[in-house]
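Data first, discussion second: the structure below is written as structure tokens.
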Amino acid sequence: QMFTDANYIGAFGNDLWITGWTALDENNIVRSSEGGKTEIVVTDADITGSSGTVNWTNDNIYLLDGFVYVEAPTVLNIEAGTVIKGLELPSTGDIASALIITRGAKIMAEGTAAEPIIFTTEYDNTDLPDDGTDPGVDYTLDRGLWGGVVLLGNAVLNVASEKVVEGLPANEERAKYGGSDDADNSGTMRYVSIRYTGITVEANKELQGLTLGCVGSGTTIEYIESFNSDDDGFEFFGGTVNTKYLVSSFNSDDAFDYDQGFRGNHQFWFGIQSETEGDHIGEWDGGDEGALTGEPLSKPVIYNATFLGRGVSSSGSDAAIRIKEYGGVEFYNSIVADFGENGVEVDSGAGQTSYTRWQN
């Protein structure tokens with residue numbers, strides 16, 4: 001007989017049979033969804049403390065459904081070229097989708113420049129340049145479509161012995177960070193792009209592109225992009241991790257935010273704002289109210305940064321770098337440009353402020 005049995009409607013099932021030989025395919029007019037890869041939904045129940053080693057491979061696309069905690073001592077290996085997507089409306093009842101590497105667990109996400117590991121929204125077809133999210137929407141405007149990536153460790157915290165990280169449920173034990181091991185190793189992240197993140201959980205509590213809570217110096221963080229977050233690009237809550245080659249672009253709040261005793265050595269940071277979004281490129285703080293003088297003090301060493309603002313004539317521009325209470329820093333060999341206000345703003349006001357101490 002002429003007809004072939006088909007368990008789907010329309011011209012295409014899993015096989016986009018125009019691939020490879022048509023002008024439509026050659027000119028990217030009609031393309032398979034990321035090469036016809038299998039989509040695998042991942043919930044919190046799928047990775048537990050007894051999972052051992054979990055491997056995510058680049059022949060699949062992984063869909064994060066809600067908060068997915070990688071529990072200690074599990075190791076999550078992510079192959080170069082793998083795409084992970086966050087669902088905007090999780091079926092789990094969680095406020096957002098996010099990947100959380102808990103204390104004692106590890107992430108081994110080693111992409112390459114040719115095959116980066118991409119965390120993005122479920123709407124993003126990573127095969128299509130400038131796709132962004134929904135067709136016809138300017139990709140530079142889309143933010144806040146899923147939570148982000150959270151990495152937690154056991155380095156010394158200066159405001160308490162441990163805390164629940166911002167943006168996750170306050171009663172969640174697995175969301176705690178802080179400890180006594182400044183050399184703690186949470187794994188490796190290299191050549192990882194994190195896109196379209198940022199969820200406001202409640203006032204002043206948000207998830208952002210990459211959140212690092214007391215991540216130790218044994219961890220490798222290099223070549224990481226945070227793109228179009230609806231909050232900060234990177235936020236460091238304490239920790240001793242050393243970083244290189246971080247990109248924070250077009251985020252709605254701060255590009256690089258730290259507090260609670262953040263330290264470590266950092267080089268080659270690039271931050272750039274859109275013309276209409278972005279607070280400070282750097283918001284650098286010492287600790288929480290009531291624990292500002294806690295040890296260790298925040299004092300990272302940063303070399304070779306380039307920070308570009310909204311443009312000197314753009315409205316809503318703020319200072320490039322804001323130094324808050326006990327927010328120490330050594331900042332060298334860097335370029336700060338295209339800001340309508342100050343390059344550096346040291347907090348001032350009533351009481352014993354950063355500005356008063358600086359004057360003294």
Side-chain angles (χ1 to χ4, degrees), residues 39-48 56 61-71 76 78 82-103 105 107 109 117-126 132-134 137 139 141-152 163-177 189 192-213 215 224-237 248-255 257 277 279:
E39 291 187 340
I40 298 176
V41 176
V42 183
T43 67
D44 188 33
D46 294 319
I47 303 178
T48 68
W56 288 357
I61 293 173
Y62 297 87
L63 302 178
L64 302 175
D65 187 0
F67 294 145
V68 177
Y69 293 86
V70 178
E71 300 177 10
L76 174 61
I78 306 179
T82 302
V83 176
I84 303 98
K85 298 185 175 184
L87 300 184
E88 183 177 16
L89 300 173
S91 68
T92 58
D94 293 326
I95 194 170
S97 297
L99 179 67
I100 303 102
I101 311 300
T102 67
R103 292 183 297 184
I107 183 171
I117 293 165
I118 298 174
F119 287 86
T120 189
T121 167
E122 62 180 302
Y123 307 121
D124 184 10
N125 185 340
T126 59
T133 55
D134 300 307
V137 176
Y139 75 95
L141 299 180
D142 286 333
R143 299 180 178 90
L145 296 175
W146 65 290
V149 180
V150 181
L151 191 56
L152 305 176
K163 288 194 70 171
V164 172
V165 74
E166 177 183 298
L168 295 179
N171 61 352
E172 177 56 77
E173 284 290 319
R174 296 175 297 174
K176 288 183 176 180
Y177 63 98
M189 294 180 70
V192 176
S193 178
I194 305 170
R195 309 172 181 178
Y196 307 112
T197 61
I199 297 293
T200 300
V201 178
E202 57 185 88
N204 299 315
K205 291 186 178 181
E206 303 89 9
L207 288 168
Q208 44 268 316
L210 180 59
T211 302
L212 301 101
V215 175
I224 311 294
E225 176 189 47
S226 181
F227 176 81
N228 275 36
S229 169
D230 203 28
D231 192 58
D232 299 328
F234 296 87
E235 184 154 12
F236 301 87
F237 293 98
S248 187
S249 50
F250 307 132
N251 303 301
S252 67
D253 197 10
D254 306 310
D257 191 340
E277 295 284 344
D279 193 10

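Note: hydrogens, waters and symmetry copies are ignored here, and every other heavy atom, side chains too, is used.
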- Query: So, Asp232 side chain and Asp254 main chain: donor-acceptor pair closer than 3.5 Å or not?
  - Reply: yes
- Could you give the distance from CD1 (Ile101) to OG1 (Thr211), rounded to the nearest 0.5 Å? 12.5 Å
- Message: If I compare all heavy atoms of Ser226 with all of Leu210, which pair ends up nearest, and what's the gap?
- Response: OG-N, 4.5 Å
- Item | Minimal non-hydrogen separation, Pro169 against Tyr69, with atom names | CD-OH, 3.9 Å
- Side chain of Asp231, backbone of Asp253: donor and acceptor closer than 3.5 Å? no
- Query: Is a side-chain donor or acceptor of Glu39 paired with a backbone partner of Ile61 at a separation under 3.5 angstrom?
  - Reply: no
- What are the two closest heavy atoms between Ser97 and Pro90, and how far apart are they? OG-CG, 3.5 Å
- Query: Which heavy atom in Glu166 sits nearest to a heavy atom in Glu235, and how many Å separate them?
  - Reply: OE2-OE1, 3.9 Å
- Query: Would a distance-only check, ignoring hydrogens and angles, find a side-chain to backbone donor-acceptor pair under 3.5 Å from Thr102 to Val70?
  - Reply: yes
- Query: Would you call Asp46 and Val68 a side-chain contact if the rule is heavy atoms closer than 4.5 Å?
  - Reply: no
- Look at the rings of Phe236 and Phe234 and say which category their plane angle falls in: under 30° parallel, 30 to 60° tilted, over 60° perpendicular. parallel
- Message: Tell me which one of Tyr123, Phe250, Phe227 satisfies ring pair (Phe, Tyr, Trp, His ring centres under 6.0 Å) with Tyr196.
- Response: Phe227
- Report the distance from atom CG of Leu76 to atom CD of Glu71, rounding to the nearest 0.5 Å. 13.0 Å
- Query: Between CG of Leu145 and CG of Leu89, what distance do you get to the nearest 0.5 Å?
  - Reply: 10.0 Å
- Nearest 0.5 Å please: distance from the OG atom of Ser249 over to the CG atom of Asn228. 6.5 Å
- Message: Tell me if a side-chain donor or acceptor on Glu88 pairs with a main-chain N or O of Glu122 at a distance below 3.5 Å.
- Response: no
- Please report the closest heavy-atom contact between Thr48 and Ala45, naming both atoms and the distance. CG2-O, 3.8 Å
- Query: Heavy atoms, side chains only, cut-off 4.5 Å: are Ile78 and Ile84 in contact?
  - Reply: yes
- Task: Applying side chain to side chain contact (heavy atoms under 4.5 Å, CB included) between Lys85 and each of Leu64, Ile118, Leu63, report the one that passes.
- Result: Leu63
- Rounded to the nearest 0.5 Å, how far apart are CG of Asp257 and CZ of Phe237? 7.0 Å
- Taken to the nearest 0.5 Å, the spacing of Leu151 CG from Leu99 CG works out to 9.0 Å
- Message: So Arg174 and Ile100, do their side chains get closer than 4.5 Å, heavy atoms only?
- Response: no
- Query: Is the shortest heavy-atom distance from the side chain of Asp124 to the side chain of Phe119 under 4.5 Å?
  - Reply: no
- Task: For the residue pair Thr43 and Asp65, confirm or rule out a side-chain donor-acceptor distance under 3.5 Å.
- Result: no
- Query: Any side-chain heavy-atom pair from Leu207 and Leu168 closer than 4.5 angstrom?
  - Reply: yes
- Task: For Thr197 and Gly148, indicate whether the former's side chain and the latter's backbone hold a donor-acceptor pair under 3.5 Å.
- Result: no
- Note on the structure: Closest non-hydrogen contact found for Phe67 with Asp94 is N-OD2, 2.8 Å
- State, yes or no, whether a side-chain contact exists between Trp56 and Ile117 at a heavy-atom distance under 4.5 Å. no
